[in-house]
Amino acid sequence: FGSSQQSSSKSYASSAKHSAMAVHDHACLPMMRHHSFSTISSGDSWRQFLHRPACMRTRAAEPEALPHTRGVDPNAPAQPDNRTAWVPLVDAEVGVKSGKLNEKGDSPPATLPASARDTSVSGTKALLSRSSSPAVSAKRICTGAKQAEVLLEMSCDKLCVRTIHVTYTDSTGNQQHCSQSGYNVKIFLPASSTDVKVSFSVVGGGRICKVDREDPKAPWVRDADGRSVPETFFYASCAQHIQYFIRGPSLHSWVAQVDERQRMEGLLEMVSRDIQCVRKMDVAYSDEHGVRQQWSASGYNVKCHLPMSARDIEVTFSVIGGGNVCRVDRRDPQLPWIVDANGHRTLEKLFYVCCPQCVQFDIRGPSLRAYISRVQEQHDHTATTDTIPRQRADTADLYAVAPEEVPGIGGIVDLKKPHSEYLLPAEVVLFEPTQNEIFHNGDASKTNSRQIFLNTPLSTAENAALGELHRLLAKRGVVESEHSAFPRYVELHALRILQTCKFNASKAVDMMKTAVQERVRRLPIVEEDVLPDLNRGFIYWHGRDRKCRPCLVIRLERLGELATDKERAVRLVIFTLEYALRFAMVPGRVENWVVVIDLANVMRTISPLRVGSIASTAAALGTALEKVYCGRMVWLKIVNMPGGLARIVNGLIPAEKKEKVSFPTDAAAELLEHMEPHQLEARYGG
């Protein structure tokens, strides 16, 4: 952009802070001005500025009129981390009242009942349940001065939203009641509470009933008439921390486990997912005095309570009457054994520098082949919005999980190079797509025409297709049941994959496997590992078209030694595309890209002796672009085509793709139909 537009950009950014729009899996709107567009340039640095199209300069609107700021005071200070500025105040006798936070984030003293105070915080993400707003909440009920408290915690899977109901007698002898809904909920009671009663229900469903937790199959407990018995817990006085783990769909949820511990203790739990053998968990740690301590126990389900002061924790597993539990690659759906240089299996050891709040280890397999299939760690995110640090970059820890837990967006970590300040200008964030952008040529009647998939209504046929895919995934064992959530790596892309496969659910499942093989197993990718290849200028982002879609430029003459190293080339392409998805897209507004492939001088740089390896690399890159990142490309221009190749290349393009692909003889003229001149490099007429 011209420098004269800087102030305009800042004003848009200010209003954008009030937007409630979520950006992909980990990004949130207030972060966007800190993530400016990174590109791979053809010159000295792979970071390059993304210009503002001239058509955007005329887009002006007062903050009050913007579609995502209705009902928001444009002069009010932005709320941190997109969290709500309202807190409900709980009165034990009257129910729920409404109160507004003051500037410091405290509840107004004049309206706070003496018997109760609520400091609930919702909208944070708990790793154990991967929940989103209002998944995590904490309710604190206290009287008078600060004192020791009892913590009741409900930790759920993501199949449905549950409610925890608590009734207790306070220090004055009055009976109090409170309840809270979510995926991961914490309720704090006064330490003087007695006669505590805890029960659960499903939002939109019924009460949660009792199962026999002593039986590994957890059958329902029934009364004399054969009816299910509602689950209710009674405590004359409570332990400092009681945690309930709830699983199952809305009509069949149950309390799978209950753990009681001290507030200053962490939980390490081994959970047997079968009963083929009895396992043992060994824990070694350093106490607060630096003395090394040992702990071990065996059984089907084993719990270890560690003091929060424990450090350098090491967890191993073995089988009673068998051998040690060895490592498997939990990032691969097949869970293959991890072997050393001599082909021997390696011992499963998990290390924690500090004591975690709660970790569950799912263990399976027979006595000689037992393995840890899944590790779930819960993090405490119940601090106030002022104390929760805003995550500004993905970390490798997000990807050290089973494949179904890998985020669907991201995967590039340890970014050292700064983002361009024009990465995601407010004009892109506030871009309003028309019918022509949501559907190809605006024709919603065609089954394969959708281009915008998120934050937009779906048709009846699309919903039915997603249901069919869910049932097929359950039938093939990819998910537990048709009511289970999609695997995380594909949940944002399920409909896009279905459309690419012409709504053939079987082919869609196969494409999901390709996504695991080609994308998930390569993540995370560290910037430093691909930086030398980025600086080649073989592939980079430069500019946006008039619909705010970023433009990917591929210059084959710079392929160099990547032509014979398929793995390096694929990792480079995945890094580049993941960068754009993570930092340059806006769900429901800008979800696609455009591509320019430059074949200038390609015949001079390709040796006939390397045609085989080049063809293999080209096929791998094609798989990444068309299967792993399917449904993203709006158009493709192949420029500077050597004479005689156009007919051959055109013959290789599938019929359904030919509408998107062209071979312009005058690249500048054709590209300028889609892009402003200052969005194009000079070599393409910009």
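Every heavy atom of this structure was used, including side-chain atoms; hydrogens, water molecules and symmetry mates were not.
- In this structure, W254 and W220 have perpendicular ring planes: the angle between them is above 60°, well past the 30° mark.
- Between H252 atom NE2 and C160 atom SG the span is 11.5 Å, to the nearest 0.5 Å.
- Partners of D274 by salt bridge (Lys or Arg N to Asp or Glu O under 4.0 Å), not counting sequence neighbours, listed by chain and number: R279.
- For E462, the side chain to side chain contact (heavy atoms under 4.5 Å, CB included) partners two or more places apart in sequence, or in a different chain, are R450, L458, S459, L495, F503.
- H493 places a side-chain N or O within 3.5 Å of a backbone atom of G408 that can act as its donor or acceptor partner.
- What you find for M270 and G299 is that their closest heavy atoms are CE-O, 3.6 Å.
- Under the side chain to side chain donor-acceptor pair (under 3.5 Å) criterion, E265 pairs with no residue, sequence neighbours left out.
- The salt bridge (Lys or Arg N to Asp or Glu O under 4.0 Å) check on D215 picks up nothing, with sequence neighbours excluded.
- Atom NZ of K303 and atom CE of M281 lie 11.0 Å apart (nearest 0.5 Å).
- Counting only distance, with no hydrogens or angles, the side chain of T456 and the backbone of F453 share no donor-acceptor pair below 3.5 Å.
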Begin from the C-alpha positions of F245 and C358 and carry the test side chain to side chain contact (heavy atoms under 4.5 Å, CB included) through to its verdict.
CA-CA 11 Å; F245 297 90; C358 176; 3.8 Å; yes

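- Partners of T194 according to the side chain to side chain donor-acceptor pair (under 3.5 Å) rule, which considers only residues two or more places apart in sequence or in another chain, do not exist here.
- Taking the side chain to side chain contact (heavy atoms under 4.5 Å, CB included) definition, one finds that A464 meets it with nothing, sequence neighbours left out.
- Using modelled atom types, no side-chain atom of H305 and backbone atom of G266 make a donor-acceptor pair closer than 3.5 Å.
- Residues satisfying the side chain to side chain donor-acceptor pair (under 3.5 Å) criterion with E314, sequence neighbours excluded, are absent altogether.
- By the side chain to side chain contact (heavy atoms under 4.5 Å, CB included) test, L159 is found to be paired with D157, P249, S484, residues two or more places apart in sequence or in another chain being considered.
- Under the rule for a salt bridge (Lys or Arg N to Asp or Glu O under 4.0 Å), the partners of R261 that lie at least two apart in sequence or sit in another chain are D259.
- For R476, the salt bridge (Lys or Arg N to Asp or Glu O under 4.0 Å) criterion is met by D510, not counting sequence neighbours.
- Among residues two or more places apart in sequence or in another chain, the side chain to side chain donor-acceptor pair (under 3.5 Å) test is passed with R247 by none.
- In terms of heavy-atom proximity, V150 sits nearest to P190 at CG2-O, 4.2 Å.
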Is there a side chain to side chain contact (heavy atoms under 4.5 Å, CB included) between R330 and L335? Walk through the geometry before answering.
CA-CA 5 Å; R330 286 182 284 273; L335 297 173; 4.2 Å; yes

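- Under a 3.5 Å cut-off, the side chain of D225 and the backbone N or O of R227 do not form any donor-acceptor pair.
- Classified by interplanar angle (parallel below 30°, tilted 30° to 60°, perpendicular above 60°), the ring pair F233/Y244 is tilted.
- For the residue pair S228 / R222, a side-chain donor-acceptor distance below 3.5 Å is found, with atom types taken as modelled.
- Of the inter-residue distances, the one linking D195 atom CG with Q175 atom CD reads 8.5 Å to the nearest 0.5 angstrom.
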Please output the side-chain donor-acceptor pairs of residues 202-213 that fall under 3.5 Å, not counting sequence neighbours, one pair per line with the distance.
from	atom 1	to	atom 2	distance (Å)
D212	OD1	E214	N	3.1
R213	NH1	E231	OE1	2.7
R213	NH1	V255	O	2.9
R213	NH2	E231	OE1	3.4

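- A side-chain hydrogen bond (donor to acceptor under 3.5 Å, both in side chains) with S155 holds for exactly one of Q243, Q376, K186; it is Q243.
- The backbone N or O of P587 sits less than 3.5 Å from a side-chain atom of N455, completing a donor-acceptor pair.
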Start with the C-alpha distance between M512 and Y489, add both sets of side-chain angles, then the distance that settles side chain to side chain contact (heavy atoms under 4.5 Å, CB included), and finish with yes or no.
CA-CA 9 Å; M512 288 170 56; Y489 69 87; 4.1 Å; yes

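- Rounding to the nearest 0.5 angstrom, the gap separating the CG atom in L473 from the CD atom in E468 is 10.5 Å.
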After noting the C-alpha distance and the side-chain angles of I313 and L268, does the key distance pass the side chain to side chain contact (heavy atoms under 4.5 Å, CB included) rule?
CA-CA 11 Å; I313 302 161; L268 302 179; 4.2 Å; yes

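- Atom CZ of F361 is separated from atom CD of E348 by 9.0 Å, given to the nearest 0.5 angstrom.
- Checked by atom type, the side-chain pair R162/S253 shows a donor-acceptor distance below 3.5 Å.
- We find the OH-SG distance between Y168 and C238 to be 11.0 Å, quoted to the nearest 0.5 Å.
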